[in-house]
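Here's the structure, in structure tokens; my notes come after.
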There are 2 protein chains.
Amino acid sequence: MYICLMYSNELIKGTLKTVVLSLLAKKGRMYGYEITQHVKEETEGKIQLTEGALYPLLHRLEADGLLLTEKVSIGKRVRKYYRLTKEGTESAASLVEEFKEFSKTMNRLLNNYTLTTAYHG
Amino acid sequence: MYICLMYSNELIKGTLKTVVLSLLAKKGRMYGYEITQHVKEETEGKIQLTEGALYPLLHRLEADGLLLTEKVSIGKRVRKYYRLTKEGTESAASLVEEFKEFSKTMNRLLNNYTLTTAYHG
DNA sequence: TTTATATACCTAAGTAAATTATGTAATTTA
DNA sequence: TAAATTACATAATTTACTTAGGTATATAAA
């Protein structure tokens, strides 16, 4: 997968889990490749998940009991769909809240320093 | 230093450099401990920088030419003040912009999934 | 038609930025 | 005078990523 990120990838670190779980919370079930494409489209290419990060994460979340899998044959290929467990749903909600709170705090902090642009978060 | 974060630390990862540089851009010069206290107060304890993360970062930024140091004797102790170089000032501005952009993108993305709370970022 | 691109999964090695833990020492407060 | 705060530092470990590969089917373009 090509990566030509608008952001230096460091910011995305730590938000991957939040993105994946919240996406599944909305869509019900998705497969890995679908997730990468959806995020890419919805952010106009600004956030692009790498497969090397995504697939191990999905496996980890499954092992942790946040996700369930379901294999579906499409022709000769097998797609692996993921959906949230109850625990996963709860985790998704709390991670999203956490990010929003964090983002507000950070923006407030940064605006205190650089008063050039107005932000109303 | 005690840490009792409101956020799971993962979110703060990758934003430390942004916080430190933008803080120095505002304040002109600060020393390490002062930075930790300032951020803690200004975020009501929500963001607490660990010394194990901060000091190595400061050293790295100095080595990279973004910061200059100045040692000041306070009684028998020596404080190490940091201030931005020209390159550091530019870096600060671009990192802040980058975070704001990223935060907007993320909030838009997450709001598309969880329509429970309104965010106007 | 065969070649390139897209779809779709996977893992292993290496990196970078943090955490955790520890250390030193001066200064201030209880 | 003991405890907490101020103020610096580093070393070992952890972890989440990047980078770089690998496999294979399906589709579009040349």
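Numbers restart at 1 for each chain; the letters A, B, ... are given by sequence-line order, proteins then strands.
In this entry the distance linking CG of A:L57 with P of C:dT11 reads 13 Å, nearest Å. Going from atom NZ of B:K76 over to atom C1' of C:dT27 covers 11 Å, rounded to whole Å. Atom-to-atom, CG of B:D64 to C1' of C:dA17 comes out at 13 Å; the value is rounded to the nearest Å. Look at CD1 on A:I35: it is 15 Å from C1' on C:dT7, rounded to the nearest Å. Atom C1' of nucleotide D:dT18 and atom NZ of A:K13 are separated by 8 Å, given to the nearest angstrom. Rounded to whole Å, the distance from CG on A:L11 to P on C:dA17 is 12 Å. Across the protein-nucleic acid pair, A:R60 atom CZ and D:dT15 atom P stand 10 Å apart, rounded to whole Å. Atom NZ in A:K71 sits roughly 16 Å away from atom P in C:dA8 (whole-Å rounding).
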### Message
Using the rule given for side chain to side chain contact (heavy atoms under 4.5 Å, CB included), can you reason through B:F102 versus A:T15, listing the C-alpha separation, both sets of side-chain angles and the distance that settles it, and then say yes or no?
### Response
CA-CA 11 Å; B:F102 174 70; A:T15 64; 4.0 Å; yes
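Counting heavy atoms from C-beta on, the side chains of A:V19 and A:I47 never come closer than 4.5 Å.
Between the side chain of B:S91 and the backbone N or O of B:E87, no donor-acceptor pair lies under 3.5 Å. Between the A:T85 side chain and the A:G65 main chain, a donor and an acceptor come within less than 3.5 Å of each other.
In this structure, OG1 on B:T18 lies 12.5 Å from CD1 on B:I12, to the nearest 0.5 angstrom.
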Donor-acceptor contacts under 3.5 Å from residues 66-77 of chain A side chains, at least two apart:
| residue | atom | partner | partner atom | Å |
| --- | --- | --- | --- | --- |
| A:T69 | OG1 | A:E62 | OE2 | 3.1 |
| A:E70 | OE1 | A:R29 | NH1 | 3.4 |
| A:E70 | OE2 | A:R29 | NH1 | 3.1 |

### Query
Reading nucleotides 2-9 of chain D from the 5' end, what letters show protein touch, with B for base, S for backbone sugar-phosphate only, - for no heavy atom under 4.0 Å?
----BSBB
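Under the salt bridge (charged side-chain N to carboxylate O under 4.0 Å, His left out) criterion, A:E41 pairs with no residue at all, not counting sequence neighbours. With sequence neighbours excluded, the residues forming a side chain to side chain contact (heavy atoms under 4.5 Å, CB included) with A:E34 are A:M30, A:Y31, A:Y81, listed by chain and number. Residues passing the ring-ring contact (aromatic ring centres under 6.0 Å, His included) test with A:Y55, sequence neighbours excluded: none.
Axis angle across the helix from C:dT1-D:dA30 to C:dA30-D:dT1, with five pairs used at each end and values rounded to 10°: 30°.
Across all strands, A:L16 comes closer than 4.0 Å only to sugar-phosphate atoms, never to a base (heavy-atom distances).
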